[in-house]
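Heads up: the structure comes next, in structure tokens.
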Amino acid sequence: MYPMAQSLLATAVSLAGGLGFLTAGKDMSSLASSLSHSAKLLNHPGASSSPLPVGVGFIVWGADLSAAVEVTRNFVPAAVWLFSPRQAADLVTWTEKMREASGGKTRVWIQIGSVAAAVEAARLCNPDVIVVQGADAGGHGLARGAGIISLVPEVADALAREGHGHIPLLAAGGISDGRGVAAALTLGASGTVLGTRFLAAKEAEMKPGHVEEVLRASDGGVTTVRTTLFDVLRGTNKWPAEYDGRGIANRSFEDAERGMDTEENKRLYEEALAKGDGGWGKEGRMITYVGTGIGLVREVEGAGKIVEGLRKDAIAILEQTMARF
Ligand SMILES: Cc1cc2nc3c(=O)[nH]c(=O)nc-3n(C[C@H](O)[C@H](O)[C@H](O)COP(=O)(O)O)c2cc1C
């Protein structure tokens, strides 16, 4: 999650027993210093002993592979997260290079959004983990996709049929509390990935107006939308054609729906951007990527407390459910 997920957030998640991911996105200029800082916060003795217990996320279509190789070699993160290649062959190159750079110590996680992409990733890369991203997820994802309730079991069945049933699946998209975690586990996922919920973590690198916007929004099926407009406004519209992004339906989106010319919309967006932190809010034009689970995100908490709460609540819900039937 660029730029919100830096060393403070990732290490807090890992220290609570999750695996926190640092953002690399496409811009890797600060990644080495974030990894150094993470190592310090985790009191990690160095890459030669054991992998650093955080992961690093890469947007494959835009990230610099040689820079990714260098940081993976130098820091040996526990996992690298690969997402959104222009073509499947790029995933093969990235997987091989990441494994080579870490001497096989760094696990390769690949996030996909369809059954076909899961089978292809499994066949070509044999990743250590497949993250199944459903359509409710915040941020970028496939424009055409299913929610995890059907996607996770269908992916599991397809992988088992093709002889890849050994690859653990993690569910992502719309999970914001222990109920969502318990549901994903009963679907057959080995674990869950949460993005939106951690936007309200104390350790997320967020401006106050952005945090307010995250806490303000609710009823995410109505108040968030999948669109490419936000990329157009930000000038980040080089994503592969099948991707868009889910975020809060802001004033820019409503104006575009009513037919506002893109140039005018962009001009107004840039004006709002210049206002800095004042550009968020109900009538705002600042862009807030979040998933449909946003209505369940109601307060700012420490990331460790969030992880512990999710685990405790999910276990309690699973036990209560078993007791009921
Ligand atoms: C603000 C934000 C930024 C994100 N940035 C990335 C990213 O840089 N790379 C990536 O693979 N996924 C990114 N995602 C998507 C997550 O990987 C994940 O699929 C999603 O957060 C899960 O759904 P949830 O947001 O409903 O928890 C982002 C999500 C959000 C909300």
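Just so you know, ligand 1 is whichever comes first in the structure, and atom 1 is the first atom listed for that ligand. Note that the coordinates shown come from a computational prediction; the quantities given were computed from them, not determined experimentally.
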Criterion side-chain hydrogen bond (donor to acceptor under 3.5 Å, both in side chains) against T292, the qualifying member of T196, D136, T223: D136

Under 4.0 Å to a heavy atom of F83 - the qualifying atoms of ligand 1, by number: 10 (C), 11 (O)

CZ (R107) with more than 12 external heavy atoms under 6.0 Å: no

Min N/O separation W81 to ligand 1 under 3.5 Å: yes

Proximity of M4 to ligand 1 by residue part, where a heavy atom lies under 4.0 Å: side chain

Nitrogen or oxygen atoms of R197 and ligand 1 under 3.5 Å apart: no

Audit row: W109, F21, ring pair (Phe, Tyr, Trp, His ring centres under 6.0 Å) steps and yes/no: CA-CA 11 Å; W109 294 26; F21 276 79; 4.9 Å; yes

Closest candidate by heavy atom, reference atom 28 (C) of ligand 1, pool G195, G57, G138: G138

Steps toward side chain to side chain contact (heavy atoms under 4.5 Å, CB included) verdict (E96, C125): CA-CA 8 Å; E96 284 170 359; C125 305; over 6 Å; no

R285 with D255: basic N within carboxylate O range, under 4.0 Å: yes

Under 4.0 Å to a heavy atom of Q133 - the qualifying atoms of ligand 1, by number: 15 (C), 19 (O)

Note: R226-D244 ion pair, threshold 4.0 Å (strictly below): yes

Short side-chain donor-acceptor distance under 3.5 Å, D231 and T236: yes

Atom NZ of K266 with >12 non-hydrogen neighbours under 6.0 angstrom: yes

Identity of the nearest option to atom 1 (C) of ligand 1, non-hydrogen atoms only, from W109, Y289, F21: Y289

Lys/Arg-Asp/Glu bridge criterion (N-O < 4.0 Å) met for E212, R216: no

A137, any N or O under 3.5 Å of ligand 1 N or O: no

Under 4.0 Å to a heavy atom of L194 - the qualifying atoms of ligand 1, by number: 27 (O)

F230 and Y289 aromatic ring geometry - parallel, tilted or perpendicular at 30°/60° bounds: perpendicular

Numbering as shown, the atoms of ligand 1 that approach Q111 to under 4.0 Å (heavy-atom distance): 11 (O), 12 (N), 17 (O), 18 (C), 19 (O)

Mode of T292 contact toward ligand 1 - side chain, backbone, both, neither (heavy atoms, under 4.0 Å): neither

Element-labelled atoms of ligand 1 that are located less than 4.0 Å from some non-hydrogen atom of T196: 24 (P), 25 (O), 26 (O), 27 (O), 31 (C)

Non-hydrogen atom of G293 closer than 4.0 Å to ligand 1: no

Atoms in ligand 1 with a heavy atom of G174 nearer than 4.0 Å: 23 (O), 24 (P), 26 (O)

Proximal atoms of ligand 1 relative to I59 (non-hydrogen, under 4.0 Å): 7 (C), 8 (O), 9 (N)

